[in-house]
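Here's the structure we're looking at; comments come further down.
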2 protein chains.
Amino acid sequence: MAEPSKLTLASEAPCDVEHLDPNATEARRARLIPAGAAEALAETFRVLGDPTRVRIIEVLAGGELCVCDIASLVEISESAVSHQLRLLRNMRLVRARRAGRQVYYTLDDRHILSLFQQGLRHVTEERR
Amino acid sequence: MAEPSKLTLASEAPCDVEHLDPNATEARRARLIPAGAAEALAETFRVLGDPTRVRIIEVLAGGELCVCDIASLVEISESAVSHQLRLLRNMRLVRARRAGRQVYYTLDDRHILSLFQQGLRHVTEERR
DNA sequence: CTGATACCTGAGCATGTGTTCATATATTCA
DNA sequence: TGAATATATGAACACATGCTCAGGTATCAG
């Protein structure tokens with residue numbers, strides 16, 4: 001059966017020319033992060049890769065808020081907020097608590113907040 | 001001409017019910033990160049929000065590499081790598097150096113690498 | 001020059017994403 | 001119960017994204 005992909009780079013043989021080090025690429029192959037880790041890492045960053053979600057996380061960093069307050073602060077429709085909150089909920093980044101008619105959301109992942117803060121430092125530092 | 005958006009939530013008045021603190025939302029409005037910062041932050045994270053780019057950054061973390069080596073290590077076509085490298089170049093995350101026929105790429109942003117590493121710690125820690 | 005190698009780039013395409021709109025569910029109050 | 005409020009959800013749409021494919025540029029060898 002034919003291969004599904006034409007990527008023949010499987011074993012080695014990158015270019016025909018000698019590189020920095022003949023077997024440097026081979027040595028690097030061993031030091032790659034485990035399979036799936038790159039995907040998980042990308043997925044984590046992807047959550048923060050949207051301005052609306054960034055803002056939601058930002059306002060929630062100040063503490064618990066109900067949906068309409070989030071919508072008001074982020075200046076986006078409540079429906080859009082609700083959709084994003086579901087995404088964040090499914091990824092276990094926020095937690096919901098019902099209190100009467102409102103539902104209050106809280107950050108539920110200390111990792112995301114520190115990533116957020118470090119990213120913020122870098123962004124504000126860069127545009128000096 | 002009419003407003004493009006029907007978002008009337010401009011001033012305040014989130015819900016009709018009293019919140020945790022009557023003027024808490026108003027107080028939070030002042031502490032929001034500057035306009036545009038959320039966008040810049042999201043854009044930064046968005047770059048890391050793709051497995052291919054994560055892998056490219058990963059292999060480049062080990063030092064300078066030519067395009068075909070990157071393609072070989074990341075196991076993706078050279079064309080796809082080239083496209084991603086252009087993106088990373090435009091965002092000033094990598095730098096290119098021509099040496100004969102090959103072009104060697106290096107990481108050109110200390111921020112992205114530390115974000116990458118912190119994200120990696122969190123991901124590997126989470127799936128213990 | 002010609003050919004070969006290494007990389008770049010535009011077009012096209014399939015897939016993913018974020019929003020709106022309409023509607024559904026849940027809770028409270030009268 | 002019925003109306004009003006707060007949130008959730010599905011469908012649809014516009015748009016972005018990442019890849020492949022087919023060429024294009026740049027460099028070097030002969």
Side-chain angles (χ1 to χ4, degrees), chain A residues 3-9 13-19 25 38-39 42-43 45-56 64-72 74-91 94-105, chain B residues 3-9 13-19 25 38-39 42-43 45-56 64-72 74-91 94-105:
Chain A
E3 305 270 80
S5 161
K6 298 197 300 182
L7 293 176
T8 50
L9 37 74
C15 318
D16 282 359
V17 190
E18 79 273 22
H19 299 246
T25 50
E39 274 73 12
E43 195 184 2
F45 283 122
R46 202 164 46 75
V47 183
L48 291 164
D50 174 75
T52 298
R53 286 192 292 270
V54 161
R55 286 211 173 90
I56 290 178
E64 207 177 38
L65 280 177
C66 71
V67 176
C68 64
D69 279 347
I70 298 172
S72 167
V74 174
E75 299 191 32
I76 203 177
S77 78
E78 295 188 13
S79 178
V81 169
S82 214
H83 278 293
Q84 296 293 5
L85 283 173
R86 174 167 51 168
L87 198 161
L88 296 172
R89 217 173 35 209
N90 291 340
M91 297 204 66
V94 302
R95 196 180 13 181
R97 172 181 74 85
R98 174 138 231 155
R101 280 178 246 193
Q102 7 276 33
V103 176
Y104 288 92
Y105 280 86
Chain B
E3 305 270 77
S5 163
K6 298 195 302 182
L7 293 176
T8 51
L9 36 75
C15 318
D16 282 0
V17 190
E18 77 272 22
H19 299 245
T25 50
E39 274 74 12
E43 195 184 1
F45 283 121
R46 202 164 46 76
V47 182
L48 291 165
D50 174 74
T52 298
R53 287 193 292 271
V54 161
R55 285 211 173 90
I56 291 177
E64 208 179 35
L65 280 177
C66 71
V67 176
C68 64
D69 280 346
I70 298 172
S72 167
V74 174
E75 299 192 35
I76 204 176
S77 78
E78 295 189 11
S79 178
V81 169
S82 216
H83 278 293
Q84 296 292 4
L85 284 174
R86 174 167 53 167
L87 198 159
L88 295 172
R89 217 174 28 204
N90 290 340
M91 297 205 67
V94 302
R95 195 179 16 184
R97 173 181 75 87
R98 173 138 234 155
R101 279 177 247 195
Q102 6 276 23
V103 176
Y104 288 92
Y105 280 86

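Chain A is the first sequence line, chain B the second, and so forth, proteins listed ahead of strands; every chain is numbered from 1. Just so you know, these numbers use all the heavy atoms, side chains as well, and skip hydrogens, waters and symmetry mates.
S79(A) contributes atom OG, which lies 10.0 Å from atom CD of Q84(A) (distance to the nearest 0.5 angstrom). Note: D50(A) CG to E43(B) CD = 12.5 Å, rounded to the nearest 0.5 Å. Rounding to the nearest 0.5 Å gives a distance of 11.0 Å between NE2 of H83(A) and CG of L87(A). To the nearest 0.5 Å, atom CG of residue L85(A) and atom OH of residue Y105(A) are 5.0 Å apart.
Going from atom CZ of R89(A) over to atom P of dT7(D) covers 12 Å, rounded to whole Å. The separation between H83(B) atom NE2 and dT20(D) atom C1' is 8 Å, rounded to whole Å. Atoms CD1 (I70(A)) and P (dA8(D)) sit 9 Å apart, rounded to a whole Å. Rounding to whole angstrom units, CZ of residue R101(A) and P of dA30(C) are separated by 9 Å. Atom CD of Q84(A) is separated from atom P of dA8(D) by 13 Å (rounded to the nearest Å). One interatomic measurement links the two molecules: CD1 of I76(A) to P of dG18(C), which rounds to 10 Å at whole-angstrom precision. Residue M91(B) contributes atom CE, which lies 11 Å from atom P of dT17(D) at whole-angstrom precision. We find that CD of E78(A) is positioned 12 Å from P of dT5(D), with the value rounded to whole Å.
Close to dA8(D), at under 4.0 Å from its OP1 or OP2, lies a side-chain N or O of Y105(A). Close to dT17(C), at under 4.0 Å from its OP1 or OP2, lies no side-chain N or O of R46(B). Put simply, T52(B) has a side-chain N or O that comes within less than 4.0 Å of OP1 or OP2 on dC19(D). Contact annotation: S77(A) side-chain N/O to dT20(C) OP1/OP2 distance is under 4.0 Å. Contact annotation: R86(A) reaches the phosphate of dG10(D) (side-chain N/O to OP1 or OP2, under 4.0 Å).
Inter-axis angle, ends of the helix from dC1(C)-dG30(D) to dA30(C)-dT1(D), five pairs per end, rounded to 10 degrees: 10°.
Sequence order on DNA chain C of the closest nucleotides to R98(A) and V67(B) puts V67(B) first from the 5' end. Of the residues near DNA chain D, R53(B) and L85(A), the one whose nearest nucleotide (by heavy atom distance) lies more toward the 5' end is L85(A).
The two residues A71(A) and V81(A) have their closest heavy-atom pair at CA-CG2, 3.7 Å.
Residue S79(A) places a side-chain atom within donor-acceptor reach of the base of dT9(D), judged by atom type and a 3.5 Å distance cut-off alone.
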**Request:** Evaluate the criterion side-chain contact (heavy atoms from CB on, under 4.5 Å) for residue pair R55(A) and E39(B); output intermediate values, then yes/no.
**Result:** CA-CA 9 Å; R55(A) 286 211 173 90; E39(B) 274 74 12; 3.2 Å; yes
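Listed for the R53(B) side chain is no donor-acceptor partner under 3.5 Å among the backbone atoms of A42(A).
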